[in-house]
Amino acid sequence: DTAVSQTPKYLVTQMGNDKSIKCEQNLGHDTMYWYKQDSKKFLKIMFSYNNKELIINETVPNRFSPKSPDKAHLNLHINSLELGDSAVYFCASSQDQVRSYEQYFGPGTRLTVT
Amino acid sequence: AQRVTQPEKLLSVFKGAPVELKCNYSYSGSPELFWYVQYSRQRLQLLLRHISRESIKGFTADLNKGETSFHLKKPFAQEEDSAMYYCALKASSNTGKLIFGQGTTLQVKP
């Protein structure tokens, strides 16, 4: 059983388009995260939700909007895509905020903006 | 500022040699530090936490508050240790935010 899944795995799109990446976890965790990994493999937190409530919102352009319809899902919508948005986006979950040290990561979505 | 620094992008050693992956942090509070690992074609996963003081797959890491370091060590590297290693700092007990270092690729040659 896949614990944290993301779709799609690869996404190639043109500048200016709007796209979404979906994330689902079947671990019964309360907290979910979105990370961006740039070309230098630097992994940076973007957002975190706990029981559908936004708790971490880093300095991210407002073209990025996370949405959590329920605690098992955390989607990432990106408007007006730019070249600099090209990266690998990872979703993760943890049992709760206290146990955030043990995060379960998804396989990543490689976004390429042309 | 809260920061995690891994100075080496790539560390290459021969099988059986000792390994030390460096990690330095900057944090004003009481730090909680962790090592994550990503093996080829696998997901990023927690390797060990400083608070448990455990050895996982032969790896240990000691928190040195004086030097603000949390280096990962193994006395004898194995080929299966080849992976990307990330050091992480728990920056907030309220939000659970983790700050990751830049990562170090460990390559163990036969």
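Computed from a predicted model, the values in this text were never measured in an experiment.
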- prompt: Is it the case that one hydrophobic cluster holds both B:L44 and B:L10, taking links as side-chain heavy atoms less than 4.5 Å apart, direct or via other members?
  reply: no
field: Sub-6.0 Å ring centroid separation between A:F42 and B:F100
entry: no
query: When rounded to the nearest 0.5 angstrom, what is the spacing between OH in A:Y35 and CG in B:L98?
result: 4.5 Å
message: Please classify the contact between A:I55 and chain B as side chain, backbone, both or neither, with a heavy-atom cut-off of under 4.5 Å.
response: both
field: B:Q38 CD to A:K41 NZ distance, which is reported to the nearest 0.5 Å
entry: 7.0 Å
message: Tell me whether the count of non-hydrogen atoms from other residues, nucleotides or ligands lying under 6.0 Å of CD in A:Q14 goes above 12.
response: no
query: When you look at CZ of B:R3, are more than 12 heavy atoms from neighbouring residues, nucleotides or ligands closer to it than 6.0 Å?
result: no
message: Which one wins on heavy-atom pair count under 4.5 Å against chain B: A:L43, A:D96, A:T31, A:D38?
response: A:L43
message: Quick check on A:Y101 against chain B: is it the side chain, the backbone, both or neither that has a heavy atom closer than 4.5 Å?
response: both
field: CA sep, side-chain torsions, deciding dist, call: A:Q103, B:L46, side-chain contact (heavy atoms from CB on, under 4.5 Å)
entry: CA-CA 7 Å; A:Q103 294 184 20; B:L46 178 66; over 6 Å; no
field: Hydrophobic cluster membership, B:V37 vs B:F34, 4.5 Å side-chain cutoff
entry: no
message: Tell me whether B:F76 shares a hydrophobic cluster with B:W35, the cluster being built from Ile, Leu, Val, Met, Phe, Trp, Tyr side chains joined at under 4.5 Å.
response: no
query: So with a 6.0 Å cut-off around NZ of A:K71, is the heavy-atom count from everything else above 12?
result: yes
statement: Under 4.5 Å to a heavy atom of chain B? For A:Q37 that would be side chain
- request: Kindly confirm or rule out a cation-pi arrangement of B:R43 over A:F105, judged by NZ or CZ under 6.0 Å from the six-membered ring centre and within 45° of its axis?
  value: no
- request: Specify the closest pair of heavy atoms between A:V98 and B:K90, including all atoms of both residues, with the distance to one decimal.
  value: O-NZ, 2.6 Å
field: B:L47 with A:V4, same ILVMFWY side-chain cluster at under 4.5 Å
entry: no
Cationic N near anionic O, under 4.0 Å, B:K97 to A:E58: yes
query: When clusters are formed by joining ILVMFWY residues with side-chain heavy atoms under 4.5 Å apart, either directly or through shared neighbours, do B:L72 and B:M84 land in the same one?
result: no
- request: Could you tell me which non-hydrogen atom of B:G96 sits nearest to which non-hydrogen atom of A:S100, and how far apart they are?
  value: O-OG, 2.7 Å
